[in-house]
> 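This structure is in structure tokens; I'll ask about it shortly.
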Amino acid sequence: MLQIAAIRDNIDQVKELLEIRNFKEFDLVDKVVKLDEDRRKTQHQLDAQLSESKKIAKSIGALYQSGKQEEANAMREKTATLKESNKQLEESLSSIEQALQEAMVQLPNIPNSLVPKGNTDEDNLNIKQEGTIPKLYEGAKPHWELLEQYELMSLELGSKIAGAGFPVFMGKGARLQRALVAYFLDFANKNGYKEIIPPLLVNETSAYATGQLPDKDGQMYHVVNDGLYLIPTAEVPVTNMYRDTIVGKDDLPIKLTGHSQCFRREAGSYGAHVRGLNRVHQFEKVEIVQIVEPQKSYEVLDEMVAYVEQIIQSLELPYRILRLCGGDLGFCSAMTYDFEVFTVAQDRWLEVSSVSNFETFQSNRLKVRYKDDNGKNQLCHTLNGSALALPRIIAAILENNQTEEGIVIPEVLRPYTGFDIIS
RNA sequence: GGAGAGUUGGCCGAGUGGUCGAAGGCGCACGCUUGGAAAGCGUGUAAACCCCACAAGGGUUUCAAGGGUUCGAAUCCCUUACUCUCCGCCA
């Protein structure tokens with residue numbers, strides 16, 4: 001959520017920056033500003049009246065105690081109208097506050113000025129491209145055929161057990177997945193990220209706090225009976241560990257990594273682009289999260305990008321880094337870098353990681369604060385990134401490393417898989 | 001799932017209708033003391049919002065959350081959440 005104080009002082013600038021992400025509902029911005037004014041005016045009035053009421057109540061108390069019953073009773077009569085008017089003001093304040101809140105949560109984050117304008121993924125800024133795209137032998141297959149051929153995964157079984165888009169991994173496929181998770185977590189540990197195993201279901205408050213609600217309602221599986229949501233990413237529970245906390249400056253940066261199953265409904269997705277592991281409803285991901293001082297957040301964003309780049313390099317996959325354009329930018333993000341790896345058989349780039357700086361957008365909802373040098377509480381900045389999401393990494397390894405003898409496991413994974421080749 | 005107990009400031013803990021944002025202790029900060037430290041002494045020590053210059057100063061709210069009673073609620077009533085104990089079930 002944006003900070004209202006920041007909006008009311010820079011209305012035009014806010015609109016200008018929101019336009020980068022093609023957000024044009026300026027009425028909403030104006031509405032927020034108006035409601036904020038109303039709110040302050042109403043609160044001011046209410047405060048004054050409450051102050052009056054308290055004074056009267058205190059003097060009534062004093063009168064009773066000194067035995068002046070009659071005077072006290074006379075005074076009590078005066079309070080009736082004041083009480084009524086307090087009640088009315090309270091009601092109107094709370095309805096203004098509610099309307100303000102409802103409007104506020106609909107405003108997306110303000111993009112960083114470096115975010116390129118644009119509408120679609122074609123407008124994303126290609127920052128870097130590295131790695132060699134391997135030449136495959138005649139008859140190389142897309143990963144879904146390889147998965148079937150080597151009996152690594154079955155979507156049919158998953159569909160029998162659960163539904164379309166729920167893969168069942170087995171044998172070396174399952175082992176490869178476990179190896180990747182272990183490798184990614186070890187990598188994170190070595191880089192100072194504290195390992196977290198979070199709940200896979202979260203309550204509504206948590207889903208709001210990291211911004212999945214109300215924006216992505218409908219993308220999450222909702223357990224209605226218990227009011228819980230299956231997490232779409234470990235970011236949600238892990239970041240929410242720090243909801244409503246004030247940390248010391250010395251505690252920053254807070255670096256966390258969480259591995260989890262991720263659940264996404266992906267309503268409305270279909271077609272060739274979602275075949276195999278390209279898009280599934282349940283997948284594993286290792287996420288990294290940082291909570292930092294505001295001044296350092298862009299430095300940290302670069303650090304996290306470099307971190308993800310290292311992992312991908314170590315897997316020897318050809319990749320590119322994109323700075324997302326405004327149109328592609330997530331609701332909560334001020335700036336996002338996407339990582340894509342090239343899958344040779346599909347002849348296609350697949351997104352495997354997304355690293356974002358949310359600035360104070362999440363922390364304002366989360367109320368994650370730190371004490372600055374003046375002892376004042378300030379909102380932290382939060383960042384997170386996938387490091388990494390498994391299915392497409394597996395797809396890329398299978399497609400790019402296939403040989404006529406089998407699928408060659410990247411060097412760094414071999415200690416984890418216990419085998420060099422899938423044949 | 002059944003029965004009971006509880007939830008107060010960073011922590012512990014007092015407080016059953018008025019002067020309680022809340023005793024006392026611990027912790028922390030600053031000062032005095034000291035060659036230095038400890039002890040001791042003193043002072044201070046929550047958050048949010050509003051007025052205002054993000055200063056000083058002032059106002060309001062907050063004793064798990066929400067609602068109610070009352071001129072007045074940490075204190076009384078109702079609802080909800082959570083924690084703990086015992087029983088049941090169980091990886």
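Throughout, protein chains are lettered first and strands after them, A, B, ... in sequence-line order, and every chain is numbered starting at 1. None of these values were measured; they are calculated from a predicted model.
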> For A/Phe331, enumerate each residue passing the ring-ring contact (aromatic ring centres under 6.0 Å, His included) test, keeping only those at least two apart in sequence or located in another chain.
A/Phe361
> Determine the Euclidean distance between corresponding P atoms of B/C11 and B/G67; express it in Å to zero decimal places.
25 Å
> Show each protein N/O and nucleotides 16-22 of chain B N/O combination with a separation under 3.5 Å, one pair to a line.
from: B/G18; atom 1: N2; to: A/Ala57; atom 2: O; distance (Å): 2.8
from: B/U19; atom 1: O4; to: A/Gln65; atom 2: OE1; distance (Å): 3.0
from: B/U19; atom 1: O4; to: A/Gln65; atom 2: NE2; distance (Å): 3.1

> At 4.0 Å (heavy atoms only), tell me whether A/Asn73 reaches a base, stays on the sugar-phosphate, or touches nothing.
nothing
> 5'-most contact on RNA chain B: A/Ile246 or A/Leu50, nearest heavy atom basis?
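With A/Ile246 and A/Leu50 compared, the 5'-side residue is A/Ile246.
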> Heavy atoms from C-beta onward define the side chain here; which of B/G59, B/G72, B/A47 lies closest to that of A/Ser51?
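The listed nucleotide nearest to A/Ser51's side chain is B/G59.
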> I need the full list of ring-ring contact (aromatic ring centres under 6.0 Å, His included) pairs touching residues 200-240 of chain A, with sequence neighbours left out, sorted by first then second residue.
A/His222-A/Tyr229
> Let me have the donor-acceptor pairs involving side chains of residues 412-423 of chain A, under 3.5 Å, with sequence neighbours excluded, atom names and distances please.
from: A/Arg414; atom 1: NE; to: A/Ile409; atom 2: O; distance (Å): 2.8
from: A/Arg414; atom 1: NH2; to: A/Ile409; atom 2: O; distance (Å): 2.9
from: A/Tyr416; atom 1: OH; to: A/Asp186; atom 2: OD2; distance (Å): 2.6
from: A/Thr417; atom 1: OG1; to: A/Leu413; atom 2: O; distance (Å): 3.4
from: A/Thr417; atom 1: OG1; to: A/Arg414; atom 2: O; distance (Å): 3.3
from: A/Thr417; atom 1: OG1; to: A/Phe419; atom 2: N; distance (Å): 3.3
from: A/Thr417; atom 1: OG1; to: A/Phe419; atom 2: O; distance (Å): 2.8

> Whether A/Lys55 contacts B/G72 is assessed here as follows: a side-chain N or O lying under 4.0 Å from the phosphate OP1 or OP2. Is that the case?
no
> If we take the C1' atom in both B/G44 and B/G9, what is their distance in whole Å?
15 Å
> Can you pull out the residues from residues 364-373 of chain A that lie within a 4.0 Å heavy-atom distance of RNA chain B?
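Here the set is A/Arg369, A/Lys371.
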> What distance, rounded to whole Å, do you find between the two P atoms, one in B/G4 and one in B/U80?
15 Å
> After noting the C-alpha distance and the side-chain angles of A/Asp36 and A/Arg40, does the key distance pass the salt bridge (Lys or Arg N to Asp or Glu O under 4.0 Å) rule?
CA-CA 6 Å; A/Asp36 174 54; A/Arg40 278 148 57 207; 2.9 Å; yes
> May I ask which nucleotide in the shown strands pairs with B/A14, Watson-Crick or G-U wobble, both distances under 3.5 Å?
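Because no pair has both required distances under 3.5 Å, B/A14 counts as unpaired.
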> Between the protein and nucleotides 50-55 of chain B, are there any N/O to N/O pairs under 3.5 Å, and if so, what are the atom names and distances?
from: B/C50; atom 1: OP1; to: A/Arg39; atom 2: NH2; distance (Å): 2.8
from: B/C50; atom 1: O4'; to: A/Gln43; atom 2: NE2; distance (Å): 3.4
from: B/C50; atom 1: O2'; to: A/His44; atom 2: ND1; distance (Å): 3.4
from: B/C51; atom 1: OP1; to: A/Arg40; atom 2: NE; distance (Å): 3.3
from: B/C54; atom 1: O2'; to: A/Lys376; atom 2: NZ; distance (Å): 3.2

> Using the C1' atom in both, what is the distance from B/A47 to B/C63, to the nearest Å?
13 Å
